[in-house]
Amino acid sequence: MYKRILVATDGSTLSKKAVSSAIDLAALSGAELVAVKITPRYPQSYFEGSLPLSPTEVSKIETTWSDNAQKLLDGVVKAAKAKGVTAKGVVVKSDIVSDALIAASKKHKADLIVMASHGRRGIKRLLLGSETQQVLTHSTIPVLVLR
(Lines give C-alpha, C1' and ligand atoms only; values in the text may rest on other atoms or scores of the structure.)
Protein backbone atom coordinates (compact mmCIF):
# COMPACT_ATOMS: atom_id res chain seq x y z
CA MET A 1 0.00 0.00 0.00
CA TYR A 2 2.22 2.85 1.25
CA LYS A 3 6.00 2.71 1.50
CA ARG A 4 6.68 6.15 2.97
CA ILE A 5 4.21 8.43 4.75
CA LEU A 6 4.94 12.08 5.40
CA VAL A 7 3.14 13.61 8.36
CA ALA A 8 3.07 17.33 9.06
CA THR A 9 3.09 18.47 12.66
CA ASP A 10 3.07 21.77 14.47
CA GLY A 11 2.58 20.39 17.98
CA SER A 12 -1.09 21.40 18.19
CA THR A 13 -3.74 19.03 19.53
CA LEU A 14 -5.08 18.42 16.03
CA SER A 15 -1.68 17.71 14.55
CA LYS A 16 -0.96 15.28 17.40
CA LYS A 17 -4.04 13.34 16.31
CA ALA A 18 -2.75 13.36 12.73
CA VAL A 19 0.64 12.10 13.92
CA SER A 20 -0.99 9.31 15.90
CA SER A 21 -3.10 8.28 12.92
CA ALA A 22 -0.08 8.41 10.60
CA ILE A 23 1.91 6.19 12.97
CA ASP A 24 -0.96 3.69 13.12
CA LEU A 25 -1.33 3.70 9.32
CA ALA A 26 2.42 3.26 8.87
CA ALA A 27 2.37 0.34 11.31
CA LEU A 28 -0.51 -1.31 9.42
CA SER A 29 1.02 -0.87 6.01
CA GLY A 30 4.66 -1.44 6.96
CA ALA A 31 5.58 2.05 5.76
CA GLU A 32 8.34 4.35 6.92
CA LEU A 33 7.27 7.63 8.54
CA VAL A 34 8.75 11.03 7.81
CA ALA A 35 7.61 13.65 10.34
CA VAL A 36 8.00 17.24 9.15
CA LYS A 37 7.91 20.47 11.14
CA ILE A 38 8.04 23.72 9.18
CA THR A 39 9.73 26.70 10.84
CA PRO A 40 9.87 30.24 9.48
CA ARG A 41 13.07 31.35 7.80
CA TYR A 42 13.57 34.32 10.10
CA PRO A 43 11.56 36.45 12.50
CA GLN A 44 9.42 38.98 10.73
CA SER A 45 8.14 42.19 12.20
CA TYR A 46 4.67 43.13 11.01
CA PHE A 47 4.25 46.33 12.99
CA GLU A 48 5.39 49.55 11.48
CA GLY A 49 7.72 51.45 13.75
CA SER A 50 8.89 48.33 15.54
CA LEU A 51 12.52 47.91 16.42
CA PRO A 52 14.52 45.85 13.97
CA LEU A 53 16.21 42.77 15.35
CA SER A 54 19.98 42.50 15.43
CA PRO A 55 21.63 39.56 13.66
CA THR A 56 22.43 38.07 17.09
CA GLU A 57 18.78 38.23 18.16
CA VAL A 58 17.67 36.72 14.84
CA SER A 59 20.16 33.89 15.30
CA LYS A 60 18.92 33.21 18.85
CA ILE A 61 15.29 33.12 17.71
CA GLU A 62 16.05 30.83 14.77
CA THR A 63 18.04 28.51 17.05
CA THR A 64 15.14 28.38 19.53
CA TRP A 65 12.67 27.60 16.74
CA SER A 66 14.93 24.88 15.36
CA ASP A 67 15.58 23.34 18.80
CA ASN A 68 11.86 23.31 19.66
CA ALA A 69 11.02 21.75 16.29
CA GLN A 70 13.66 19.05 16.78
CA LYS A 71 12.32 18.22 20.26
CA LEU A 72 8.82 17.88 18.83
CA LEU A 73 10.06 15.61 16.05
CA ASP A 74 12.13 13.52 18.45
CA GLY A 75 8.88 12.82 20.33
CA VAL A 76 7.18 11.71 17.12
CA VAL A 77 10.08 9.42 16.20
CA LYS A 78 10.07 7.92 19.69
CA ALA A 79 6.30 7.27 19.52
CA ALA A 80 6.67 5.69 16.08
CA LYS A 81 9.51 3.44 17.15
CA ALA A 82 7.45 2.31 20.16
CA LYS A 83 4.92 0.95 17.63
CA GLY A 84 7.60 -0.67 15.48
CA VAL A 85 7.59 2.01 12.78
CA THR A 86 10.81 3.25 11.21
CA ALA A 87 10.71 7.04 11.43
CA LYS A 88 12.76 10.16 11.02
CA GLY A 89 12.11 13.81 11.76
CA VAL A 90 12.86 16.64 9.37
CA VAL A 91 12.90 20.35 10.17
CA VAL A 92 12.21 22.49 7.11
CA LYS A 93 12.73 26.26 7.05
CA SER A 94 10.17 28.01 4.90
CA ASP A 95 7.71 30.86 5.06
CA ILE A 96 5.19 29.02 2.87
CA VAL A 97 4.08 25.88 4.69
CA SER A 98 2.15 24.26 1.84
CA ASP A 99 5.00 24.59 -0.66
CA ALA A 100 7.47 23.27 1.90
CA LEU A 101 5.31 20.21 2.64
CA ILE A 102 4.88 19.39 -1.03
CA ALA A 103 8.62 19.83 -1.65
CA ALA A 104 9.42 17.62 1.35
CA SER A 105 7.05 14.93 0.08
CA LYS A 106 8.90 14.90 -3.25
CA LYS A 107 12.35 15.00 -1.67
CA HIS A 108 11.59 12.09 0.66
CA LYS A 109 9.60 10.18 -2.01
CA ALA A 110 6.45 9.99 0.10
CA ASP A 111 3.42 8.05 -1.11
CA LEU A 112 1.01 9.90 1.18
CA ILE A 113 0.84 13.18 3.09
CA VAL A 114 -1.04 13.13 6.39
CA MET A 115 -2.00 16.44 7.97
CA ALA A 116 -4.59 18.06 10.17
CA SER A 117 -7.07 20.72 9.18
CA HIS A 118 -8.03 23.35 11.69
CA GLY A 119 -11.36 23.77 9.94
CA ARG A 120 -11.41 27.56 9.93
CA ARG A 121 -14.37 29.08 8.15
CA GLY A 122 -15.55 32.44 6.97
CA ILE A 123 -13.39 35.48 7.59
CA LYS A 124 -10.77 33.54 9.60
CA ARG A 125 -10.15 31.26 6.62
CA LEU A 126 -10.03 34.22 4.28
CA LEU A 127 -7.55 36.10 6.46
CA LEU A 128 -5.42 33.16 7.56
CA GLY A 129 -5.64 31.13 4.37
CA SER A 130 -5.67 27.40 4.31
CA GLU A 131 -2.38 25.56 4.08
CA THR A 132 -4.32 22.31 3.96
CA GLN A 133 -6.32 23.51 0.97
CA GLN A 134 -3.13 24.51 -0.83
CA VAL A 135 -1.57 21.09 -0.22
CA LEU A 136 -4.76 19.35 -1.35
CA THR A 137 -4.94 21.27 -4.60
CA HIS A 138 -1.24 21.22 -5.50
CA SER A 139 0.01 17.84 -4.30
CA THR A 140 0.53 15.13 -6.89
CA ILE A 141 0.24 12.37 -4.26
CA PRO A 142 -2.72 11.50 -2.01
CA VAL A 143 -3.35 13.68 1.02
CA LEU A 144 -5.16 12.41 4.12
CA VAL A 145 -6.68 15.27 6.07
CA LEU A 146 -7.80 14.69 9.66
CA ARG A 147 -9.94 16.88 11.89
Side-chain angles (χ1 to χ4, degrees), residues 1-46 53 55-147:
M1 185 189 265
Y2 298 114
K3 293 179 184 174
R4 189 166 298 120
I5 298 171
L6 183 137
V7 62
T9 183
D10 62 7
S12 67
T13 302
L14 282 173
S15 75
K16 287 177 184 177
K17 288 180 182 178
V19 166
S20 178
S21 294
I23 291 171
D24 290 343
L25 184 57
L28 283 172
S29 62
E32 295 176 29
L33 186 74
V34 178
V36 176
K37 168 72 170 101
I38 310 297
T39 61
R41 288 192 184 276
Y42 54 88
Q44 295 181 354
S45 176
Y46 294 102
L53 297 173
T56 303
E57 290 168 321
V58 169
S59 178
K60 284 181 184 178
I61 291 169
E62 286 181 329
T63 299
T64 300
W65 286 345
S66 183
D67 290 348
N68 290 342
Q70 192 59 55
K71 286 178 189 173
L72 175 66
L73 294 171
D74 289 346
V76 172
V77 170
K78 184 178 177 181
K81 287 185 178 180
K83 292 204 174 183
V85 174
T86 302
K88 69 178 175 179
V90 178
V91 177
V92 177
K93 290 185 180 184
S94 177
D95 293 324
I96 304 172
V97 174
S98 56
D99 290 350
L101 287 174
I102 292 169
S105 73
K106 290 177 183 175
K107 179 180 179 180
H108 295 283
K109 297 179 172 69
D111 305 303
L112 174 71
I113 299 172
V114 178
M115 62 190 305
S117 174
H118 292 280
R120 293 183 182 101
R121 296 178 189 263
I123 193 74
K124 284 186 181 179
R125 181 166 185 254
L126 180 65
L127 293 174
L128 299 174
S130 173
E131 297 299 336
T132 305
Q133 183 66 32
Q134 288 296 316
V135 173
L136 280 168
T137 57
H138 293 91
S139 176
T140 57
I141 63 171
V143 179
L144 175 61
V145 179
L146 301 164
R147 285 183 70 189

Between OG1 of Thr39 and CG of Leu72, what distance do you get to the nearest 0.5 Å?
-> 11.5 Å

side-chain hydrogen bond (donor to acceptor under 3.5 Å, both in side chains): pairs with one or both residues in residues 73-87, sequence neighbours excluded | Asp24-Lys83, Gln70-Asp74

Do Ser20 side-chain atoms and Lys16 backbone N/O form a donor-acceptor pair below 3.5 Å?
-> no

What is the minimum heavy-atom distance between Ile23 and Ala80, and which atoms define it?
-> CD1-N, 3.8 Å

Given the rule in the side-chain contact (heavy atoms from CB on, under 4.5 Å) test, do Leu146 and Leu14 qualify, once you have shown the distances and angles that lead to the verdict?
-> CA-CA 8 Å; Leu146 301 164; Leu14 282 173; over 6 Å; no

Non-neighbouring partners of Ile96 that pass side-chain contact (heavy atoms from CB on, under 4.5 Å), sequence neighbours left out | Ser94, Ser98, Asp99

Mind listing the closest non-hydrogen atom pair of Gly89 and Val77 along with its distance?
-> N-CG2, 3.6 Å

Could you grab the distance from atom CD of Gln133 to atom NE2 of His138, nearest 0.5 Å is fine?
-> 9.5 Å

Verify, without hydrogens or angle tests, whether Arg4 (side chain) and His108 (backbone) share a donor-acceptor contact under 3.5 angstrom.
-> yes

Polar side-chain atom of Thr132 near backbone of Ala116 as donor-acceptor pair, under 3.5 Å | yes

Measure the spacing between CE of Met115 and OG of Ser21 and express it to the nearest 0.5 Å.
-> 14.0 Å

Quick one: CD1 on Ile113 to CD1 on Ile5, what's the gap to the nearest 0.5 Å?
-> 11.5 Å

Mind checking what makes side-chain contact (heavy atoms from CB on, under 4.5 Å) contact with Val97, not counting sequence neighbours?
-> Ile38, Leu101, Glu131

Identify the two heavy atoms, one from Val36 and one from Ala104, that lie closest to each other, and give their separation to 0.1 Å.
-> CG2-CB, 4.3 Å

Gap between atom CG of Leu112 and atom CE of Met1 - 0.5 Å precision | 9.5 Å

Sub-3.5 Å donor-acceptor pair from the side chain of Ser139 to the main-chain atoms of Leu136, do we have one?
-> no

Say whether, by atom type as modelled, one donor and one acceptor occur between the side chain of Ser15 and the main chain of Asp10 under 3.5 angstrom.
-> yes

If you look at every heavy atom in Ala100 and Val92, which pair is closest and at what distance?
-> CB-CG1, 3.9 Å

For Ala31 and Tyr2, work out which heavy atoms get closest and say how close.
-> CB-O, 3.2 Å

Rounded to the nearest 0.5 Å, how far apart are CG of Asn68 and NZ of Lys37?
-> 8.5 Å

At their closest point, which heavy atom of Leu33 faces which heavy atom of Ala22, and how far apart are they?
-> CD1-CB, 3.9 Å

Test item: Ser59 side-chain N/O and Pro55 main-chain N/O as donor-acceptor pair under 3.5 Å | no

